[in-house]
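These numbers come from a predicted model, not from an experiment. All chains are named by letter (A, B, ...) in the order of the sequence lines, taking the proteins before the strands, and each is independently numbered beginning at 1.
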4 protein chains.
Amino acid sequence: MILKFLDLDSQKQNRILNAAMKEFAQKGYKNASTNEIVKEAGISKGLLFHYFAKKKDLFLYLYDYSLEIFTIEFFQRIDLVEKDIFKRIRQMALLKIDLIKKHPELYNFLYKAIIEDTPEVKEDLEQKNKQLLTNGYAKIFRDIEVKKFKETIDTDKVINIVIWTIEGFSNQILEKIKSQYPNELHYEKISKELDVYLKFLESAFYK
Amino acid sequence: MILKFLDLDSQKQNRILNAAMKEFAQKGYKNASTNEIVKEAGISKGLLFHYFAKKKDLFLYLYDYSLEIFTIEFFQRIDLVEKDIFKRIRQMALLKIDLIKKHPELYNFLYKAIIEDTPEVKEDLEQKNKQLLTNGYAKIFRDIEVKKFKETIDTDKVINIVIWTIEGFSNQILEKIKSQYPNELHYEKISKELDVYLKFLESAFYK
Amino acid sequence: MILKFLDLDSQKQNRILNAAMKEFAQKGYKNASTNEIVKEAGISKGLLFHYFAKKKDLFLYLYDYSLEIFTIEFFQRIDLVEKDIFKRIRQMALLKIDLIKKHPELYNFLYKAIIEDTPEVKEDLEQKNKQLLTNGYAKIFRDIEVKKFKETIDTDKVINIVIWTIEGFSNQILEKIKSQYPNELHYEKISKELDVYLKFLESAFYK
Amino acid sequence: MILKFLDLDSQKQNRILNAAMKEFAQKGYKNASTNEIVKEAGISKGLLFHYFAKKKDLFLYLYDYSLEIFTIEFFQRIDLVEKDIFKRIRQMALLKIDLIKKHPELYNFLYKAIIEDTPEVKEDLEQKNKQLLTNGYAKIFRDIEVKKFKETIDTDKVINIVIWTIEGFSNQILEKIKSQYPNELHYEKISKELDVYLKFLESAFYK
DNA sequence: GATGAATGAGGGTTCATTCAT
DNA sequence: AATGAATGAACCCTCATTCAT
């Protein structure tokens, strides 16, 4: 059924995906109205259900679709050879911010999907969520080079501090992206501010 | 209209508030059913709408109510004389965790309310949310004693790191509260782990 | 929920029951439209579902209701002391015809319900159907006085012939009830014709 | 329009007819899905409606088609020279059972069509139903040899008794065909049991 | 104040039918 | 002839809100 959708002229595909993503991101799964989606996409009610038999199917397709786009681009651009935690985390944080600026609708949708609690889709999402970018942080950092750390400290806890700091910083930026005109947030400025935080932490925890 | 509600026998008031809070926390604004609320509260449908003309009014009243209880108790118990950031933040984090264990329903309701997405109430909440405990951190720390910090560092950024670390830690604890038997999380153990993080930061940033 | 319905002013109860029975009898379970029912009953859509949470509940309630009325009146009026099969069957057939003339809507509904095959309700009906009048024939006649039958014949087969004859006769009458003005079918005339059939059979099978 | 259908390659014709018959028999007129029919027949949606402008047209065509096949074969095989009612009815009943075993899909379709209740087709069917095999009994027996009957009896009524008995017996057999493995119902066994009933009646009503 | 019957707009979903290709 | 995308009316059901009592 979804195969049918993929054969569709891609402009119409996008109209449907964007309309649905926007509606789900704004209102969450249950409150999102298929009526609104078809109105926004400029198609008939019947057509939506011609491609996606159920609201749930549409939602989960959207989730896979957004996640795939993010994940693919993320792993294409990340340099996993870099073992220094501060360098690695630096590029990841900037890459994440960049991806969000590039695909804000996808991000809004995914962000909302992650905290979705409607029983109808919660379970399906939880299985998929494990792969998600944000949640992946911790695991990604378990194999990092630790020999540069001062001997006296608990490595796991330090990594946590670094991660939480970067998340706090990212969220601060994302708040600004949402509230202001995102274009005013220049990559360089963000990059410099991030560096300040990382230098702090580096000087504090490295030998 | 809500004034009428306050004149009500306080036992009935509580039955209504508790029933509503539970329902909203469990299902979110839109999915929460006024039918369930009145059933649980043991009152008639008409009576609920006699006191709260609209579902929205009930929800927003509940929000103010819960927030006030949290805030009042928070400021009664916090020691604002303490100017050392690590000591201050320590007591705040523990106080927060304690309040949540003491009023889990209020917290569940507030937590859900913060991420509420129903357009009908979203805007109203956003205005109020700014005052919320968690978000209030930053402002609270603006008047902290800074002279103990190493001279070379940017105080604001350090405070941010401390706050984000504590938030990360708190969220980790709250996740455990949700998923495990909350009683198994002993105050002392939490307190000790928190101290480890704070010691790290203190030794890193203090002279 | 159905208790609520019973408290309703009985005129409105009847409007709802009649409208629903008519619609189900005409179109069967699945094709019957709740929209039509509420229109015919002169109530709002919501009210119907206030009393009967689901279409299925309404249908099964109607079934129990009709069946009870038929069964109660049937057993009040039948004389089970009569052991002679021809006399017993005579009164039963006439009683059945009389009941149908008295409650044609109930009968139409029940008749359709018995052959209902919508999976949604089929199973529920099958349990209840066992008690049904028509199907009950066979069992009722197993305890009949057999000593008057000619010795050479197979009693079970004879009883079958009698039952099938009476059913054929009843159906012929019911066809007439449906197609003509039922009042023109005078009880006496029917009774006499029935007697002719029974005399045939009696003279053929009794000693 | 249906003429076009007859020009179609007969294999495809059959695929369509069989698919439709199966679907209608299983689910009834309204619930039968044209989607299922085209899927099963391996044709496109558009093509079905190219040949049969409306679902109703397809259904009624199918009805005429099935009925014709039954009727033609019935009258080819029945021996109308036989004037003895018991012999005639014997061959008819056995022929009917044989036809049903030979064309079970046609029979299932017709059987369901007879009790069809969807208003859209009900009226059309009722006109046609009068010609149906089962209902046709009565007329067929009007020209039967009556001189062997005892003089005292009402010939029409006796014929009715015979017909109703045979119908009751047939229905009993058909119930078994539906519920059990039809092949286990051996022609000879059925034939013998039928004979028992007919002997009864013959000895009762013939001189 | 207190009840709960009554409303009707809106929810997701199905499906015969049409029509551009 | 043949396709299947596209339509929209109708389906059952939910629910906040109103109002007569």
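- Nucleotide F:dG4 holds its P atom 13 Å from the CG atom of A:Leu3, rounded to whole Å.
- The distance from atom NZ of C:Lys54 to atom C1' of F:dC11 is 14 Å, rounded to the nearest whole Å.
- Listed by chain and number, the residues in a side chain to side chain contact (heavy atoms under 4.5 Å, CB included) with B:Asp7 amount to none (sequence neighbours excluded).
- Here the side chains of C:Leu58 and C:Ile37 are in contact, with some heavy-atom distance below 4.5 Å.
- Residues B:Leu48 and A:Lys55 each lie close to DNA chain E; by heavy-atom proximity, the contact nearer the 5' end of the strand is made by B:Leu48.
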Output a table of donor-acceptor pairs, distance under 3.5 Å, between side-chain atoms of residues 25-32 of chain A and any protein atom two or more places apart or on a different chain; print 'none' if there are none.
from    : atom 1 : to       : atom 2 : distance (Å)
A:Lys27 : NZ     : A:Glu23  : OE2    : 2.9
A:Tyr29 : OH     : A:Lys56  : N      : 3.1
A:Asn31 : OD1    : B:Thr118 : OG1    : 3.1

Verdict with reasoning, B:Phe5 to B:Tyr61, per ring-ring contact (aromatic ring centres under 6.0 Å, His included): CA-CA 11 Å; B:Phe5 179 70; B:Tyr61 176 78; 5.7 Å; yes
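- In this structure, A:Phe52 atom CZ and E:dG12 atom P are separated by 15 Å, rounded to whole Å.
- Between the CZ atom of C:Phe49 and the C1' atom of E:dA9 there is a distance of 15 Å, given to the nearest Å.
- Nucleotides of DNA chain E nearest to A:Ala53 and C:Leu8 differ in position, and the one nearer the 5' end is that of C:Leu8.
- Judged as a side chain to side chain contact (heavy atoms under 4.5 Å, CB included), and not counting sequence neighbours, the contacts of C:Ile69 are C:Tyr65, C:His103, C:Leu106.
- A 4.5 Å side-chain heavy-atom check between A:Tyr51 and A:Asp57 finds every atom pair outside the cut-off.
- Listed by residue number, C:Ile43, C:Ser44, C:Gly46, C:Leu47 are the residues of residues 39-47 of chain C with a heavy-atom contact under 4.0 Å to DNA chain E.
- Between B:Glu120 atom CD and F:dA16 atom C1' there is a gap of 9 Å when expressed in whole angstrom units.
- When side chains are defined from C-beta on, C:Ile43 counts as touching C:Leu48, because their heavy atoms get closer than 4.5 Å.
- If you take CZ of D:Phe59 and P of E:dA16, they are 13 Å apart, rounded to a whole angstrom.
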Dot-bracket line, read 5' to 3' along DNA chain F, where crossing pairs take [ ] and | marks a partner on another strand, Watson-Crick or G-U under 3.5 Å: .||||||||||||||||||||
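- The stretch residues 9-38 of chain C comes close to DNA chain F through C:Ala32, C:Ser33, C:Thr34, C:Asn35, each having a heavy atom under 4.0 Å from the strand.
- For the pair C:Leu125/C:Ile114, no side-chain contact is recorded, criterion being any heavy-atom separation below 4.5 Å from C-beta on.
- E:dA9 atom P lies 19 Å from atom NE2 of C:His50, rounded to whole Å.
- A:Asp7 has its CG atom 13 Å from the C1' atom of F:dT3, to the nearest Å.
- In summary, B:Asp117 and A:Lys112 engage in a salt bridge, as defined by a charged side-chain N under 4.0 Å from a carboxylate O.
- Nearest heavy-atom pair, D:Gly42 versus D:Arg15, reported as atom, atom and distance to 0.1 Å: O-NH2, 3.8 Å.
- Using a 4.0 Å cut-off between charged side-chain N and carboxylate O, A:Lys22 and A:Glu40 make a salt bridge.
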